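Down below is the structure, laid out as structure tokens.
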Amino acid sequence: MNATVSKLINQQINKEFYSAYLYLDFANYYDAAGLDGFSNWFRVQAQEERDHAMLFYTYLQNNGEPVTFEAIDKPAWTPGDRATPLHQALEHEKYVTSLINDIYAAAFEAHDFRTMQVLDWFVKEQGEEEKNASDLITKMELFGGDSKGLYMLNSELKARVYSAPSLVL
Ligand code: MG
């Protein structure tokens with residue numbers, strides 16, 4: 001595998017684990033605020049991020065590439081109001097999209113068509129991640145302003161269940 005592509009995927013393993021760590025911190029925040037549905041939503045999101053990390057890890061392993069685990073950063077965000085983690089999540093997903101695009105560009109340049117095919121799934125996944133984060137902000141703006149609306153929204157988010165990723169390597 002091209003050295004740059006391998007290095008970027010290695011870094012992405014860390015970035016995905018960081019995403020899981022950040023979303024667990026959001027879950028932690030909402031648990032403390034008594035919003036168990038919001039917490040559940042981010043716990044499920046964190047599980048998805050761990051899956052992403054494991055997919056990249058497995059992909060490198062399958063291709064005989066060395067994997068190096070680096071330290072995971074402390075979640076970096078400043079609590080504001082109840083909508084703050086939702087906005088932070090959207091910004092973070094946009095950042096992750098840019099990282100996936102960077103790996104794709106490197107794979108394209110190296111004519112690494114196998115990696116591009118794997119990344120196709122992640123490109124689509126990022127579209128969904130950004131939409132989910134954006135939809136959540138919209139719902140919070142529409143319904144989160146009074147206690148009844150917040151209760152209903154919290155109940156809806158409590159129903160989110162984890163499902164394994166559709167990508168099989
Ligand atoms: Mg991810």
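Counting starts at 1 for both ligands and their atoms, following the listed order. Just so it is clear, the structure is predicted and the values come from calculations on it, not from any experiment.
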So, applying side chain to side chain contact (heavy atoms under 4.5 Å, CB included) with H92, which one of W77, F26, Y23 is it? Y23
Out of Q88, K94, H87, which residue meets the side chain to side chain contact (heavy atoms under 4.5 Å, CB included) rule with L90? K94
Taking all non-hydrogen atoms of both residues, which atom of P75 and which atom of Y18 are closest, and how far apart? CA-OH, 3.6 Å
Considering all heavy atoms of both residues, which atom of L119 and which atom of A107 are nearest to each other, and what is their separation? CD1-CB, 4.5 Å
Below 2.8 Å of the Mg ion (ligand 1), tally up the protein N/O/S atoms for me. 3
Test your reading of the model: is there a side-chain donor-acceptor pair from S6 to the backbone of A3, 3.5 Å cut-off? no
If the threshold is 4.0 Å, N to carboxylate O, is there a salt bridge linking K139 and D135? no
